[in-house]
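The structure appears below as structure tokens.
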Amino acid sequence: MNITELLYPINSFLQCQTPQSWIDEAIKPENLPILLLDHCNCELKAAQTAMLLLRRYAVDQQSSDALLAWLKPYEDFVYRKIGNGDFSDYVHLSKKLISKSDFEHGDELISKMVLLIKEELHHFQQVWEIMQSRGIAYDNLTASRYARGMMKCVRTHEPAKLSDTLICGAYIEARSCERFAKLAPYLDDELEKFYVSLLRSEARHFQDYLTLATKISLTSIDQRISFFGDKEAELIQIPDQEFRFHSGSFANCS
Ligand SMILES: [Fe+2]
Ligand SMILES: [Fe+2]
């Protein structure tokens with residue numbers, strides 16, 4: 001599949017394109033460290049979201065502990081400044097995850113989310129390596145309002161809560177993919193190649209979330225997709241003060 005084919009379902013799913021003012025901001029050389037750092041954070045957050053879903057809905061206690069242990073070195077490094085940031089000899093998931101017997105879609109959630117976590121952690125490592133090679137230090141950065149703004153709208157009763165969370169996941173993945181594609185042509189060769197290489201896995205992540213949401217929901221999710229689509233487009237289009245990977249538009253004051 002070529003890039004145009006990959007992007008077609010993503011651009012049909014998203015209800016707006018990234019504003020040019022965000023792209024203009026993102027390609028300013030002085031914003032590159034924030035772009036990479038926030039992107040790196042987003043990769044870890046994507047892995048954490050998938051892990052949370054597995055722990056909340058799908059796996060038994062021992063498997064839940066194994067998942068926590070899997071992400072711990074990354075979280076220690078990012079949030080607690082523990083370790084030197086070298087994950088090369090790092091051990092992967094230590095056991096086969098066992099699904100809870102009372103959750104019908106456990107096995108499917110496990111297989112899709114474990115693969116997703118693996119890929120997100122790999123992306124995290126790739127961005128971090130690029131940052132290191134460019135002398136960009138790991139630093140804590142406030143999160144943009146984007147993911148929080150989406151998650152605020154998730155209903156609180158089940159199975160609506162799970163299917164809404166999965167729909168939010170689909171939008172966040174799809175937007176990331178759209179932004180990688182938008183940014184790639186403006187970046188240097190190494191970053192352009194890297195962002196294009198991310199498109200394929202992120203495109204599948206969006207589809208996986210959507211497939212799971214459809215299967216888990218007892219009724220049609222079309223209305224919820226359109227609801228979150230509107231919300232997502234609003235968050236992407238309204239002006240933002242702070243530049244982040246998922247921030248909104250920028251008033252041009254330069
Ligand atoms: Fe990723
Ligand atoms: Fe992803």
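A quick note: this is a predicted structure, and the numbers were derived from the prediction, not measured. All ligand and atom numbering here is 1-based and tracks the order in the structure.
- Taking 2.8 Å as the criterion, E173 does not count as a coordinating residue of the Fe ion (ligand 1), since none of its N, O or S atoms falls below it.
- Within H205, the N, O or S atom at minimum distance from the Fe ion (ligand 2) carries the name ND1.
- In summary, C177 places no N/O/S atom under 2.8 Å from the Fe ion (ligand 2), failing the contact criterion.
- Residue contacts to the Fe ion (ligand 2): E119 brings no N, O or S atom closer than 2.8 Å.
- Considering just the N/O/S atoms of E120, the one nearest the Fe ion (ligand 1) carries the name OE1.
- For the atom pair CZ (R155) and OG1 (T165), the distance works out to 10.0 Å, reported to the nearest 0.5 Å.
- F227 CZ: more than 12 foreign heavy atoms inside a 6.0 Å radius.
- The closest side-chain donor-acceptor pair between E43 and H39 falls under 3.5 angstrom.
- Take the N/O/S atoms of E43: the one nearest the Fe ion (ligand 1) is OE1.
- Here the closest non-hydrogen pair linking P239 and R145 is O-NH2, 3.3 Å.
- Of all N, O or S atoms in H123, the one lying closest to the Fe ion (ligand 1) is ND1.
- Minimum-distance N/O/S atom of E202 relative to the Fe ion (ligand 1): OE2.
- Salt-bridge formation is detected for the pair K28/E25: a Lys NZ or Arg NE/NH1/NH2 atom is positioned less than 4.0 Å from an Asp or Glu carboxylate oxygen.
- Side-chain atoms of Y171 come within 3.5 Å of backbone N or O of I225 as a donor-acceptor pair.
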